[in-house]
Protein chains: 2
Amino acid sequence: MDDIDRKITGLLAADARRALADIGAAVGLSASAVNDRIRRLQAQGAIRAFTVDADPAALGLPVLAFVWVSLRDGADESAFRSFAAAHPAVMECHHVTGPWSYLVKLRLPALAAVETVLAEIKAQGFLGRSETILALSSPVEGAHVPKGAA
Amino acid sequence: MDDIDRKITGLLAADARRALADIGAAVGLSASAVNDRIRRLQAQGAIRAFTVDADPAALGLPVLAFVWVSLRDGADESAFRSFAAAHPAVMECHHVTGPWSYLVKLRLPALAAVETVLAEIKAQGFLGRSETILALSSPVEGAHVPKGAA
DNA sequence: CATGAAAACGGTTAGGG
DNA sequence: CCCTAACCGTTTTCATG
């Protein structure tokens, strides 16, 4: 992962459909050299996937919620992580410092769905305490990659 | 945005390089019909961009921090939003409910950089109070799209 | 709005340094 | 590890239903 690799990754992040020849011109390499590097970056895991950034609202997911979670005493943490990974609404889940155990980021079709998700977590026996924060607007929204499609 | 559009978007999210004919076979359309729909989705803004999901650690950004921010009394909110949008470390910035004004997600090369960013926010005269939470690990990391490259 | 065939483009591979 | 050049699969366009 040298400087050119970083530049290529940055260019792909901005537009993954740019022609290899174009990218090559931008970094001073031929199209095939760029192709080789992209392959290597994928093999190394530096580039995880080619995806699309979609508008969550257009996809029917206008609600963004952050949920702080403390697991119940004796809860199976690895089961919780699997649950989070498999849940279609869970965009991110981080083990964090501070008074809470996890920070979970949810994308949902409606406010009512927050309650449903909390109920699901509770039903699995994970939930100790939680606190939900809603995003009112997002000056910097970050990329949204729809989850769950094969 | 019908059901087929959603399916196409999902398939692209999983692998944006799949051939249009392939996607067509999966949704029951011809390659050119799929192409038309993708164009339309982009024009509508439902698909914002074709990108790559990269490994932040491989790119030298192993530190993930969430910062709660309350702006200083009389701070220029729109200037803060511009600042956040332009800052390379700010992956997300949300206006939120609850005791804090904003939740900011940062990707950084080292722990020390957290202090630097906070100092920058302070230097701009935005910062009232803040609280920083670090992610120790991420059971569900979410896509990382490198920022800042043209 | 979808189709199918033809045309143009770009990713891929081969051969060589 | 990179280059050029030829190859061939894919995207894209277009006429049509």
Side-chain angles (χ1 to χ4, degrees), chain A residues 1-61 109 143-150, chain B residues 1-61 109 143-150:
Chain A
M1 167 67 63
D2 62 8
D3 222 53
I4 294 180
D5 283 338
R6 247 179 299 276
K7 205 165 175 184
I8 290 173
T9 308
L11 292 169
L12 287 176
D15 178 9
R17 279 192 157 180
R18 271 184 74 170
L20 297 181
D22 244 38
I23 297 173
V27 301
L29 287 176
S30 71
S32 47
V34 173
N35 197 22
D36 281 358
R37 278 172 178 265
I38 293 175
R39 274 195 175 348
R40 242 174 283 145
L41 288 167
Q42 283 186 275
Q44 292 169 200
I47 292 177
R48 293 201 272 237
F50 283 78
T51 41
V52 288
D53 172 17
D55 180 0
L59 266 65
L61 300 169
H144 172 68
V145 176
K147 210 182 162 184
Chain B
M1 167 65 63
D2 62 8
D3 223 52
I4 294 181
D5 284 337
R6 249 179 297 277
K7 205 165 176 185
I8 290 174
T9 308
L11 292 169
L12 287 176
D15 178 8
R17 278 190 159 181
R18 273 184 72 170
L20 298 180
D22 244 37
I23 297 173
V27 301
L29 287 175
S30 70
S32 42
V34 174
N35 196 23
D36 281 0
R37 278 172 180 267
I38 294 175
R39 274 198 177 339
R40 244 173 282 146
L41 288 167
Q42 284 186 274
Q44 293 170 201
I47 292 178
R48 295 198 196 119
F50 284 77
T51 40
V52 289
D53 173 16
D55 180 0
L59 266 65
L61 300 170
H144 171 69
V145 175
K147 210 182 162 182

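Per chain, numbering begins at 1; letters A, B, ... match sequence-line order.
Contact check, Arg39(B) against dT13(D): a side-chain N or O comes under 4.0 Å of OP1 or OP2. Contact annotation: Arg17(B) side-chain N/O to dG10(C) OP1/OP2 distance is not under 4.0 Å. In this structure, Asn35(A) reaches the dT12(C) phosphate: one of its side-chain N or O atoms is under 4.0 Å from OP1 or OP2.
Put simply, CG on Leu20(B) is 15 Å from P on dG10(C), counting in whole angstrom units. The distance from atom CD1 of Ile23(A) to atom C1' of dT12(C) is 15 Å, rounded to the nearest whole Å. Between Asp36(B) atom CG and dT13(D) atom P there is a gap of 9 Å when expressed in whole angstrom units. Straight-line distance from the CG atom of Leu29(B) to the C1' atom of dT3(C): 10 Å, rounded to whole Å. Atom C1' of nucleotide dT11(D) and atom CG of Asp22(B) are separated by 14 Å, given to the nearest angstrom. Atom CZ in Phe50(B) sits roughly 13 Å away from atom P in dG11(C) (whole-Å rounding). One atom, CD1 of Ile8(A), and another, P of dC1(D), lie 12 Å apart when rounded to the nearest Å. As a whole-Å value, the separation of Arg37(B) CZ from dT3(C) P is 9 Å.
Comparing dT12(C), dC2(D), dA2(C) by their nearest atom to the side chain of Arg40(A) picks out dC2(D). With dA2(C), dT10(D), dG11(C) as the choices, the nucleotide that has an atom nearest any side-chain atom of Ala19(A) turns out to be dG11(C). In this structure, the nucleotide among dT3(C), dT12(D), dC2(D) sitting nearest to the side chain of Ala33(A) is dC2(D).
For the atom pair Met1(A) CE and Arg40(A) CZ, the distance stands at 11.0 Å (nearest 0.5 Å). Annotation: the span from Arg39(B) atom CZ to Ile47(B) atom CD1 amounts to 11.5 Å, rounded to 0.5 Å. Atoms CD1 and CG, from Ile23(A) and Asp15(A) in turn, are 8.0 Å apart once rounded to the nearest 0.5 Å.
With hydrogens and angles ignored, a donor-acceptor pair under 3.5 angstrom links the side chain of Ser32(B) to the base of dG4(C).
Judged by distance alone, with hydrogens and angles left aside, the side-chain atoms of Asp53(B) form a donor-acceptor pair with the main-chain N or O of His144(B) at under 3.5 Å.
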With Watson-Crick and G-U wobble geometry limited to distances under 3.5 Å, how should the secondary structure of DNA chain C be encoded in dot-bracket form, using | for bases paired to another strand and [ ] for crossing pairs? ||||||||||.||||||
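Between Gly45(B) and Asp55(A), the shortest heavy-atom contact is O-CB, 3.4 Å.
Considering only heavy atoms from C-beta on, Val27(A) stays 4.5 Å or farther from Arg37(A) through its side chain.
Of the charged side-chain nitrogens involved, none lies within less than 4.0 Å of a carboxylate oxygen, so that Asp2(A) and Lys7(A) do not count as a salt-bridged pair.
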